[in-house]
Amino acid sequence: MTTYSTIGILGAGNIGQAVADKVVRHGHEVLIGNSRGPETLRAVVEQLGPKAHAVTAGEAAQAELVFLAVPFFAVPDPSGLTDWTVRSTRGTCCFRTSADARVHPGRLGRSAITS
């Protein structure tokens with residue numbers, strides 16, 4: 001079984017924060033980033049504790065294990081964040097959560113929801 005010491009989370013909404021909470025509770029370091037910058041995450045990392053670190057989205061994407069916890073429309077092509085092909089040969093994993101308009105229909109309004 002592979003153990004990851006640093007876990008990156010792109011997105012600090014409900015899903016990103018829930019994943020980050022579990023990560024730090026299990027003793028791992030978490031790098032949490034968003035599109036607005038690390039300074040906007042001060043309250044989030046304070047609540048999560050000393051193992052949580054606010055970073056840029058690019059820095060979070062460099063972690064050994066990455067959770068992409070943003071709406072699909074926000075990052076339609078995550079290839080711009082890092083070179084995933086090189087990272088996959090080193091054993092880096094990326095998981096994309098289902099944080100999209102179908103899960104959060106009130107977020108975008110009915111006209112933005114597609115089936």
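All figures in this text were calculated on a predicted structure; none of them were measured in a lab.
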Using the side chain to side chain donor-acceptor pair (under 3.5 Å) criterion, which residues pair with Ser35? Sequence neighbours excluded.
none
The side chain to side chain donor-acceptor pair (under 3.5 Å) partners of Glu59 (sequence neighbours excluded) come to Thr56
Distance-only, no hydrogens or angles: does the Glu29 side chain make a donor-acceptor pair with backbone N or O of Thr6 under 3.5 Å?
no
Of all the heavy-atom pairs spanning Pro38 and Ala54, show the shortest one and how long it is.
O-CB, 3.5 Å
Taking all heavy atoms of Ala60 and all of Gly33, pick out the closest pair and write down the distance.
CB-N, 4.0 Å
Cluster check Val55, Val30: I/L/V/M/F/W/Y, side chain < 4.5 angstrom
no
ILVMFWY network linking Leu41 to Leu31, side-chain heavy atoms under 4.5 angstrom
no
Ile32 side, atom CD1; Ile9 side, atom CD1 - distance, nearest 0.5 Å
5.0 Å
If you look only at distance, which donor and acceptor atoms sit under 3.5 Å apart when one is on a side chain in residues 16-27 and the other is two or more places apart or in another chain?
residue : atom : partner : partner atom : Å
Gln17   : NE2  : Ala12   : O            : 2.7
Asp21   : OD1  : Arg25   : NE           : 3.1
Asp21   : OD2  : Arg25   : NE           : 2.8

Locate the shortest heavy-atom distance separating His53 from Val45; write the atom from each residue and the value.
C-CG1, 3.8 Å
